[in-house]
Trainee: 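For reference, the structure I am asking about is given below.
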Amino acid sequence: MGRYAVVHQTPAGTNLPIINVTGSASIRCKIYDLIIGSDANPADVASEFNMIRTTDVGVGGTALTPAPLDPLTVAASGSAKGGTFTTAPTTGAVLLMIALNQRATFRWIAAPGSELITSAAANAGIELLSVGSTATPNINATILWEE
Amino acid sequence: MKIGGYAIWSLPDGKMIERDTIQCVHCGGHWVVEPGSKQVRGYCTKCDGPLCGQKHCLEHCIPLEQMLDMIERKSRSDYYVFT
């Protein structure tokens, strides 16, 4: 069991996945920390983000390397991909909805035992999705999980 | 009610908006607590916990752990309803 972080940056837009975290057939990833911000020039851009279940990994995207928070931890069994995807992962239930102005930064921390949990099924995961945005600023996101 | 998480918006003027989030005992989703939002939520007396208000959470008592098991085993033909 260990704790891992992935970071990624990609433009916001309409139904654009930012980061998709997937477990494996034997691993559930428990997402307990999420940070969303933007390094683009400050502007009043209204965006909506969702943490949402996914049932496949989509096509394309950038493979991200989960970084162990403790250097002595073994490599993560879970995996992550960042946008932009050629075909976005198939989405399911919304687990967290976030409205955010580009000038602001958002952080969400789960209470112990209340994490967002991926199912231990092949390619099932949870993604940070840019649902809609009035422009396409660069979005910087960090997701921390335990497995 | 048990607090499921904590959300923080850091605004450019240096101010911060801080809100608790509560977790649905059926789907595992969180929502930001906004008193007076008029959002209709629910409560499951079997699970003894809050519900997010989504239709499938209100109509079916399938605890989060059971739902994850269902996805993992794919034992139900209608499991996509809950994913």
Side-chain angles (χ1 to χ4, degrees), chain A residues 22-38 41-45 47 49-56 89-127, chain B residues 1-34 37 39 41 49-60 62-76 78-83:
Chain A
T22 52
S24 69
S26 59
I27 288 292
R28 287 178 176 177
C29 296
K30 298 179 178 180
I31 297 171
Y32 65 90
D33 204 329
L34 165 69
I35 303 171
I36 308 170
S38 175
N41 287 331
D44 277 322
V45 176
S47 300
F49 298 93
N50 282 350
M51 289 296 280
I52 190 167
R53 287 199 186 282
T54 55
T55 54
D56 63 55
T90 306
T91 55
V94 176
L95 301 179
L96 181 66
M97 182 183 289
I98 305 140
L100 187 65
N101 187 299
Q102 184 204 317
R103 294 179 189 271
T105 299
F106 174 82
R107 185 179 184 195
W108 172 80
I109 310 113
S114 297
E115 300 89 354
L116 303 178
I117 307 174
T118 67
S119 55
N123 299 330
I126 296 174
E127 75 175 5
Chain B
M1 192 169 291
K2 182 188 172 192
I3 300 303
Y6 196 59
I8 305 165
W9 287 260
S10 301
L11 307 181
D13 59 4
K15 294 179 181 174
M16 291 202 300
I17 299 172
E18 304 175 44
R19 295 283 189 277
D20 292 330
T21 65
I22 291 178
Q23 188 176 32
C24 175
V25 292
H26 287 173
C27 70
H30 284 247
W31 70 90
V32 176
V33 178
E34 286 283 2
S37 69
Q39 283 282 323
R41 309 292 182 184
L51 300 176
C52 62
Q54 293 186 79
K55 188 179 177 186
H56 58 80
C57 292
L58 293 174
E59 293 181 350
H60 308 278
I62 301 175
L64 175 61
E65 185 62 36
Q66 185 181 344
M67 187 199 71
L68 293 173
D69 281 345
M70 285 164 51
I71 296 172
E72 289 161 7
R73 295 175 186 174
K74 298 186 175 173
S75 58
R76 286 177 56 124
D78 63 344
Y79 101 94
Y80 283 108
V81 172
F82 306 105
T83 61

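So you know, we letter chains A, B, ... as the sequences are listed, proteins then strands, and number each from 1. No hydrogens, no waters, no symmetry mates; every other heavy atom, side chains included, goes into these values.
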Trainee: Heavy-atom pairs under 4.5 Å with chain A: which of B:Gly5, B:Cys24, B:Ser10, B:Gly29 has the most?
Mentor: B:Ser10

Trainee: Do you know which of A:Ala104, A:Gly37, A:Ala121 has the most heavy-atom pairs with chain B at a distance under 4.5 angstrom?
Mentor: A:Ala104

Trainee: For atom CG of B:Asp13, is the number of surrounding heavy atoms from other residues, nucleotides or ligands below 6.0 Å larger than 12?
Mentor: yes

Trainee: State whether the side chain of B:His30 and the backbone N or O of A:Leu116 hold a donor-acceptor pair below 3.5 Å, judged by distance alone.
Mentor: no

Trainee: Is there side-chain contact between A:Thr55 and B:Ile71, with at least one heavy-atom pair below 4.5 Å?
Mentor: no

Trainee: Closest heavy-atom contact between B:Leu68 and A:Arg28?
Mentor: CB-NH2, 3.3 Å

Trainee: Enter the distance from B:Met67:CE to A:Ile117:CD1 here, rounded to the nearest 0.5 Å.
Mentor: 9.0 Å

Trainee: Hey, is the main chain of A:Asn101 close enough, under 3.5 Å, to the side chain of B:Trp9 for a donor-acceptor pair?
Mentor: no

Trainee: Between B:Leu64 and chain A, with a heavy-atom cut-off of 4.5 Å, which part of the residue counts as in contact: side chain, backbone, both or neither?
Mentor: side chain

Trainee: With rounding to the nearest 0.5 angstrom, report the CE to OG distance, B:Met70 to A:Ser119.
Mentor: 11.5 Å

Trainee: CG/A:Leu96 to SG/B:Cys52 distance, rounded to the nearest 0.5 angstrom?
Mentor: 11.5 Å

Trainee: Between B:Ile3 and chain A, which part of the residue has a heavy atom less than 4.5 Å away: side chain, backbone, both or neither?
Mentor: backbone

Trainee: Report yes or no: does B:Glu72 contribute a side-chain atom to a donor-acceptor pair with the main-chain N or O of A:Ser26 at less than 3.5 Å?
Mentor: no

Trainee: Please give me the minimum heavy-atom distance between A:Ser114 and B:Gly4, naming the atom from each residue.
Mentor: CB-O, 3.1 Å

Trainee: Counting heavy-atom pairs closer than 4.5 Å to chain A, which one of B:Thr21, B:Val32, B:Ile22, B:Leu11 comes out on top?
Mentor: B:Thr21

Trainee: Between A:Ala122, A:Gly113, A:Pro112, A:Ala120, which has the largest tally of heavy atom pairs under 4.5 Å with chain B?
Mentor: A:Ala120

